[in-house]
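Comments concern the structure below.
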Amino acid sequence: MSKSSSSYRLTFFQRNSQKIAQAVIITILVLITLPIIVGYVWLIVRSFSEDIVHGFIPTKLTLKNWRFLWQEMKGYPNIWQTTLNTFLLALGVMAIEIAITSMGGYVLSRYDFPGRSAMLKFILVLHAFPAISLMVAIFYVLWNIGLLDKLWGIILLKASLEIPWGSWIMKGFYDGIPWELEWAGLVDGYGRMKVWAKIMLPLVKPGMAVTAIFAFLSGWSEFIFVYTFIFSQKTWTLSRYVMGIIGDYRFADYGLLAAVGLFYVIPSIIFFFFVSKYMIKLTIGGVKG
Amino acid sequence: MPSIRVVNFSKYFGKVKAVDNVSFEVEDGEFVALLGPSGCGKTTTLLTLAGIYKPTAGEIYFGDQLVNDVPPKYRNIGMVFQNYALYPHMSVFENIAFPLRAKKLSKEEITKKVKTVAKKLMIDQLLDRKPMQISGGQQQRVALARALVKEPEILLFDEPLSNLDAKLRMLMRAEIKKLQSDLGITSVYVTHDQAEAMTMASRIAVFSMGKLVQYGTPDEIYDHPKNMFVAAFVGNPPMNFLKDFSVVSEGNSVYLQRGTSKLRLPDSRKGSLPEVVPEKVVVGVRPEDFRIERKEVDNGIPGTVYVLEPLGRDVIVNVRVENHEDEITKIFAEPGETFKPNERVYIVPNLEKVHLFDPETEETIL
Ligand SMILES: Nc1ncnc2c1ncn2[C@@H]1O[C@H](COP(=O)(O)OP(=O)(O)OP(=O)(O)O)[C@@H](O)[C@H]1O
Ligand SMILES: [Mg+2]
């Protein structure tokens, strides 16, 4: 009796090994994220203070840096018009991408059409291909169809660049749904389209949420195409607006820059909170209703 | 209710011949089982009956209507899948109501029909749950309810009981059989469990490697298997095979002889022997068609008791045949008889009931 119980005696470290491991992991994670957290804290503090000394100490609380929200800034477009443009861009890309990838993914997953495997390989290659190298060609195309300097042009451009990869992602979600469910729907008296809409689509909702997040964020944060193909200030988006402030040679107004920057990230944070429950559900390809 | 007629049906997937030139009929209101080992084409046949696959060749008739190109939704069939295929995002109620919604019935009618069928299958307590929140046996009942609620003319089952535990399986076996005979719906039931096929079906179609080997009543299949495959597949424990017997005629009698063992074929059976018999034949004897004796008798084959398998009511005695160490015969002992391992015995086949097979073609000779 006593012999066997003594063999279960553990040292302090053995007894608490799990807690210690946890503490170590948390410490490491904190250290890694610290610069990012510090950056955001600085952004918030700076945007509400008159000036900053020693890099971090705010001098006087003020709302002056946020003046761009209620007064016209000389040399810049109206902020609300710019924000609306950014939303239109992000939501437009999202809507088109969801509509097309939810159907494209289904076809890639379920139909054995000629050229299917070639197409799948091509999508992978395409994804590795930087879109920026297409700049000149894109300019030419947009110019020809009259979508240069138009928000629609950017929306269609972003969506078309992301649809192949998005379809691939959606294909993974459809692949996770057994054929039997589809067959059951057919036997229960529905055509293939109805089965897709009533059975398949609800089951790939997490996939659609993930695609939506990425499409929205990529539209929201798009800069290079807006910078290159949009010339009129009334069509600017927020990323271009921020660039305008950074690139203003007259003086570097860090307070203004911090406030605009913060304003720019708020919607994407809110959006993320809305859809993060789907992100957590996401286990590569696996879908459980 | 229509009958089903399958004529010269084949289904290929690329080079794979999943089903190869199969013909059979299911009569109006009949319960037919498709029986065979894994990969023999049972599911493929069933899915073709459902209209999900199109035949590569051949015709499928419901009644006298050719349905080869009729899509599933116009076939008025109910189907129960092996893993139930319940819609995970719908409640049990919605699952059962789904086929009715396709028919555009009124809300009241749908509720009424779902409640009726749920009550009949004793799942009316579960209507609000999601499929993930009920047990396997309950899921099975929901799948059955979904198949029945639309009052189909044909019911198709794909191994519906294989995911249930043994006790529940026995229970559902009887219940499905009762339900089918009450409703009189023409049914095709796929299974790889011979006991299920024997107990439930009025006729069994035995499949092997995409071919229909034999089609007949359970008794026909059991008593007159067409070849060694059917003989071995149907029955538990399976038929015993004793190899390398020669058929010899002496005077008026015909004997099956191997070494010192000499079995006299009864006069009633020797007439059925074909003119030409292979040099060597395989003798097939079912476990209940052996008698075990302790002393040497006519038609006895010597051996030693190898191991005993008590089953409660019966005991299966495994006897190792002398000079043929690889032949371990399984025999149901007579009630009350007891044997000990390593005991020397003589096993005596009931020669009225032995089967003879050609070892080359594996076809039945007698
Ligand atoms: N969609 C398909 N593509 C290619 N081959 C297939 C397809 N479906 C079935 N097969 C092949 O056809 C053969 C018969 O398959 P089937 O599913 O009908 O077998 P089964 O008798 O139902 O077997 P099990 O008892 O394992 O369900 C198998 O060899 C299988 O690999
Ligand atoms: Mg199968």
Side-chain angles (χ1 to χ4, degrees), chain A residues 98 102 105-107 109-118 170 172-212 275 277-278 280-289, chain B residues 13-14 43-44 46-53 70-91 94-105 129-133 139 142-152 154-160:
Chain A
I98 290 288
S102 61
Y106 176 76
V107 172
S109 167
R110 292 309 208 226
Y111 282 83
D112 193 15
F113 54 89
R116 175 177 176 274
S117 74
M170 288 305 292
F173 280 86
Y174 280 115
D175 284 347
I177 302 176
W179 271 104
E180 280 81 359
L181 282 185
E182 218 174 329
W183 292 339
L186 294 175
V187 168
D188 281 347
Y190 295 86
R192 200 138 185 206
M193 280 299 283
K194 279 255 174 66
V195 170
W196 171 74
K198 285 175 187 282
I199 298 171
M200 305 300 275
L201 216 46
L203 292 178
V204 293
K205 256 194 210 153
M208 284 163 52
V210 170
T211 314
V275 285
K277 70 169 180 154
Y278 287 106
I280 289 158
K281 264 197 194 169
L282 170 76
T283 50
I284 303 303
V287 195
K288 284 274 155 71
Chain B
F13 295 105
T43 299
T44 306
L46 204 68
L47 290 175
T48 312
L49 291 179
I52 285 158
Y53 291 156
V70 178
K73 66 171 173 171
Y74 299 120
R75 292 194 181 202
N76 200 12
I77 41 178
M79 185 158 178
V80 180
F81 292 88
Q82 179 169 0
N83 48 17
Y84 318 136
L86 299 178
Y87 311 122
H89 58 297
M90 297 182 196
S91 67
E94 280 307 318
N95 264 279
I96 302 173
F98 197 62
L100 300 177
R101 298 212 189 282
K103 292 185 170 180
K104 308 242 184 309
L105 297 187
R129 307 240 201 120
K130 288 278 176 69
M132 296 295 170
Q133 298 164 336
Q139 288 180 19
V142 175
L144 198 56
R146 188 178 63 185
L148 289 172
V149 74
K150 61 191 226 182
E151 291 153 21
I154 291 173
L155 269 174
L156 305 175
F157 299 87
D158 191 0
E159 313 207 18

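In what follows, chains carry the letters A, B, and so on, assigned in the order in which the sequence lines appear, proteins first and then strands, with residues in each chain numbered from 1.
- The minimum heavy-atom distance linking B:P72 with A:L186 is given by the pair CB-O, 3.7 Å.
- The CG atom of B:L47 lies 11.0 Å from the CH2 atom of A:W179; values are rounded to the nearest 0.5 Å.
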Q.
Let's go through B:Y87 and A:D188 carefully: what are the C-alpha distance in whole Å and the side-chain angles of both, what is the deciding distance for side chain to side chain contact (heavy atoms under 4.5 Å, CB included) to 0.1 Å, and is it a yes or a no?
A. CA-CA 12 Å; B:Y87 311 122; A:D188 281 347; 2.7 Å; yes
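- Using a 4.5 Å cut-off between heavy atoms, B:I77 touches chain A through backbone and side chain atoms alike.
- Residues meeting the salt bridge (Lys or Arg N to Asp or Glu O under 4.0 Å) test with B:R75, sequence neighbours left out: none.
- Using a 4.5 Å heavy-atom threshold, the side chains of B:H89 and A:L203 count as touching.
- Taking a 6.0 Å sphere around OH of B:Y74, one finds it holds 12 or fewer heavy atoms contributed by other residues, nucleotides or ligands.
- Interface residue B:F81: only side-chain heavy atoms are found under 4.5 Å from chain A.
- Of the listed residues (A:G189, A:G185, A:G191, A:P202), the one with the most heavy-atom contacts under 4.5 Å to chain B is A:G189.
- Atom-to-atom distance recorded for A:K198:NZ and B:M90:CE is 7.5 Å, nearest 0.5 angstrom.
- Residue B:L86 touches chain A through its backbone alone, counting heavy-atom pairs closer than 4.5 Å.
- With a 4.5 angstrom heavy-atom cutoff, B:N83 touches chain A only via side-chain atoms.
- Looking only at side-chain heavy atoms (C-beta outward), A:Y190 and B:R101 come within less than 4.5 Å of each other.
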Q) Should A:V187 and B:L156 be marked as a side chain to side chain contact (heavy atoms under 4.5 Å, CB included) after you check the CA-CA gap, both sets of side-chain angles, and the distance that decides it? A) CA-CA 10 Å; A:V187 168; B:L156 305 175; over 6 Å; no
